Amino acid sequence: QVQLVESGGGSVQAGGSLRLSCVASGLGYSSNSLAWFRQAPGKEREGVAAIYTGTETPFYADSVKGRFTISQDIARNTWYLQMNNLGPEDTAMYYCAALQARLPPEVILDAGRYGYWGQGTQVTVSS
């Protein structure tokens, strides 16, 4: 059984930073797609960043390019989202997600493609 557990959310002022972590159990090491999504109240879930297991090639939404960095620690079955220069527009519930397949780059930030989700961690940025 695959389980994903996020941590690291919180409240910061604009310009601040947070690092989210997602620990996976039962996922196994294969050609996985690992991602972060977010959902603000009244809005659709948005893909933020993604990466393939064992690679250094990230994918980002335009809204976070240059501010967010996705990374992974295979030995710890963990991936991270380092978020810098946060703004109020980044306020949302953040979810990690995984799929035991390598998604094509053009859909790697498509929430509907992912089969495993964490419970979410809240990020609140005040101005």
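Because the structure is a prediction, the values reported are computed rather than measured.
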Residue pair T53 / W79, side-chain heavy-atom distance below 4.5 Å: no
Going by heavy atoms in the side chains, are L18 and V123 under 4.5 Å from each other? yes
Could you measure the distance from the CD atom of Q100 to the OH atom of Y116? Nearest 0.5 Å is fine. 4.5 Å
Under 3.5 Å, is there a donor-acceptor pair between the side chain of T124 and the main chain of T91? no
Please answer: with hydrophobic residues joined when any side-chain heavy atoms are less than 4.5 Å apart, are Y80 and V48 in the same cluster? no
Short side-chain to backbone donor-acceptor contact, Q39 and E44, under 3.5 Å: no
Heavy-atom closest pair (G9 atom, T121 atom, distance to 0.1 Å) is N-OG1, 3.1 Å
Please confirm whether the backbone N or O of L103 pairs with a side-chain atom of S33, one donor and one acceptor, at under 3.5 Å? yes
With side chains defined as the heavy atoms from C-beta onward, is the minimum distance between Q72 and L34 less than 4.5 Å? yes
Are F37 and W117 an aromatic pair by the rule of ring centers under 6.0 Å? yes
With the 4.5 Å side-chain cut-off for hydrophobic clustering, are Y95 and V5 part of the same group? no
Within the distance-only criterion (no hydrogens, no angle test), does the side chain of E6 pair as donor or acceptor with the backbone N or O of G120 below 3.5 angstrom? yes
Steps toward side-chain hydrogen bond (donor to acceptor under 3.5 Å, both in side chains) verdict (E46, S63): CA-CA 10 Å; E46 173 192 20; S63 57; 3.2 Å; yes
Cluster link Y114 to W36, ILVMFWY, side chain under 4.5 Å: no
Would you say the side-chain atoms of D110 pair up with the backbone N or O of G112, donor to acceptor, closer than 3.5 Å? yes
Is there a path of hydrophobic side-chain contacts, each under 4.5 Å between heavy atoms, that joins L20 and L27? yes
For the residue pair S17 and N84, confirm or rule out a side-chain donor-acceptor distance under 3.5 Å. yes
Atom NZ in K43, atom CE in M93: separation rounded to 0.5 Å? 15.5 Å
Can any side-chain N or O of R67 pair as donor or acceptor with the backbone N or O of N85 at less than 3.5 Å? yes
Where A24 and L4 come nearest, the two heavy atoms and their spacing: CB-CD2, 3.5 Å
Return yes if some donor-acceptor pair links the side-chain N/O of Q13 with the main-chain N/O of S127 below 3.5 Å, else return no. no
Short side-chain donor-acceptor distance under 3.5 Å, Y94 and R38: yes
Closest approach of T78 to R76 (non-hydrogen atoms, all atoms of both residues): OG1-O, 2.7 Å
Report yes if some heavy atom in the side chain of F68 is under 4.5 Å from a heavy atom in the side chain of L81; otherwise report no. yes
Are side-chain heavy atoms of I51 and I108 found at a separation under 4.5 Å? no
Side-chain touch F59/I70, heavy atoms, less than 4.5 angstrom: no
